[in-house]
Amino acid sequence: MSQNQAEAAVVETANKMFGRNWKYHDEGDEIDVDTLPEKKNCRSVGKCIEAMALSEIVKEVVSSGEQSTVTYANDGSKKHGAGSFTVQGIIINGTYRALPTLSIASESKSNLADLKLTILQILSATSGVDAKFLFERIDFVISDQTAHSVDVEVLVSKELGTMQVPNQLFCNVHHTLCSIG
């Protein structure tokens, strides 16, 4: 959904369903409490909100005790016109927390390792917590069972200078979904 579509959805929903009189920033000369923020303010605030959310995820990882389980999950796609990207998240004691979706050139082992290192560096930058420490808190990694997904964590471990490598869990849902239809 584009920013224009999101703004239109907010204005139309508020006005029709809740009897409000909200208006767009560029609508009329008067700016009051019923005026949406200017687009550039929404974009810059959105980045700050994402950084704060990522920092809170790190706080959850750090504060989860020794009895906690932290699982890193990722899945990439380069088929069916969707583009090349990877969707990632961290599961902390059964609660899923989404991480940024990033583009990738290809799903090679080295690209996936670089991607994980990038995410760890982003989490580190938003929280001040060392990327190596965050990686060492991950108990399991869930990925599909393709050749390029196996042992990616070994590359990440070497790059971060740690001996700890999370256990690998494989998800076979792709094979199941492909054979259904």
Side-chain angles (χ1 to χ4, degrees), residues 1 43-181:
M1 177 180 293
R43 284 190 297 272
S44 62
V45 168
K47 292 176 185 174
C48 294
I49 291 170
E50 182 177 25
M52 288 174 54
L54 293 174
S55 178
E56 290 300 313
I57 291 170
V58 171
K59 285 180 186 175
E60 279 187 67
V61 170
V62 170
S63 67
S64 63
E66 292 296 320
Q67 300 300 317
S68 300
T69 301
V70 178
T71 306
Y72 180 99
N74 74 307
D75 189 22
S77 176
K78 60 179 183 164
K79 296 181 180 178
H80 307 295
S84 295
F85 64 92
T86 185
V87 177
Q88 305 169 87
I90 291 181
I91 305 162
I92 307 163
N93 290 328
T95 303
Y96 180 81
R97 302 290 184 220
L99 296 174
T101 299
L102 300 176
S103 297
I104 54 174
S106 68
E107 289 187 278
S108 70
K109 194 174 292 206
S110 64
N111 282 352
L112 291 174
D114 287 345
L115 182 72
K116 287 184 182 182
L117 288 164
T118 299
I119 288 293
L120 289 166
Q121 293 299 333
I122 289 170
L123 292 172
S124 179
T126 62
S127 66
V129 176
D130 185 55
K132 177 181 173 182
F133 175 81
L134 292 172
F135 182 73
E136 290 174 342
R137 289 289 295 126
I138 299 171
D139 301 301
F140 298 99
V141 172
I142 300 175
S143 67
D144 54 15
Q145 198 170 356
T146 55
H148 59 262
S149 295
V150 178
D151 291 334
V152 169
E153 279 59 49
V154 172
L155 296 175
V156 174
S157 175
K158 285 179 183 176
E159 186 67 31
L160 292 173
T162 181
M163 297 297 289
Q164 183 170 334
V165 177
N167 293 307
Q168 179 102 35
L169 302 172
F170 293 111
C171 168
N172 291 317
V173 73
H174 301 319
H175 306 292
T176 304
L177 291 176
C178 292
S179 64
I180 291 174

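The first residue of the sequence shown is numbered 1, and numbering continues consecutively from there.
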Check: Ser157 main-chain N/O paired with Thr162 side-chain donor or acceptor under 3.5 Å: no
First locate atom CG of Leu160, then atom CG of Leu134, and finally report the distance between them rounded to the nearest 0.5 Å. 9.5 Å
May I ask you to decide if Asp114's main-chain N or O and Thr118's side chain share a donor-acceptor pair within less than 3.5 Å? yes
Euclidean distance, Leu99 CG relative to Ile57 CD1, rounded to 0.5 Å: 5.5 Å
Roughly how far apart are Lys59 NZ and Ile92 CD1, rounded to 0.5 Å? 13.0 Å
Can you tell me how far CD1 of Ile119 sits from CD1 of Ile90, rounded to the nearest 0.5 angstrom? 9.0 Å
Side chains of Ile91 and Phe140: does their closest heavy-atom pair fall under 4.5 Å? no
Given 3.5 Å as the limit, does a donor-acceptor pair link the side chain of Arg137 with the main chain of Val58, or not? no
To the closest 0.5 Å, what do you measure between OG (Ser124) and CD (Gln121)? 5.5 Å
Determine, step by step, whether Val156 and Leu120 satisfy the side chain to side chain contact (heavy atoms under 4.5 Å, CB included) criterion, reporting the C-alpha distance in whole Å, the side-chain angles of both residues, the deciding distance to 0.1 Å, and the verdict. CA-CA 10 Å; Val156 174; Leu120 289 166; 4.1 Å; yes
Could you walk me through whether Arg97 and Val61 pass the side chain to side chain contact (heavy atoms under 4.5 Å, CB included) check? CA-CA 10 Å; Arg97 302 290 184 220; Val61 170; over 6 Å; no
Note, Ile138 side chain near Glu153 side chain (heavy atom, < 4.5 Å): no
Other residues, nucleotides and ligands only: do more than 12 of their heavy atoms fall within 6.0 Å of CD on Glu136? yes
Gap between atom CD of Gln164 and atom CG of Asp139 - 0.5 Å precision: 7.5 Å
Heavy-atom nearest pair, Thr126 first then Ala51, reads CB-O, 3.6 Å
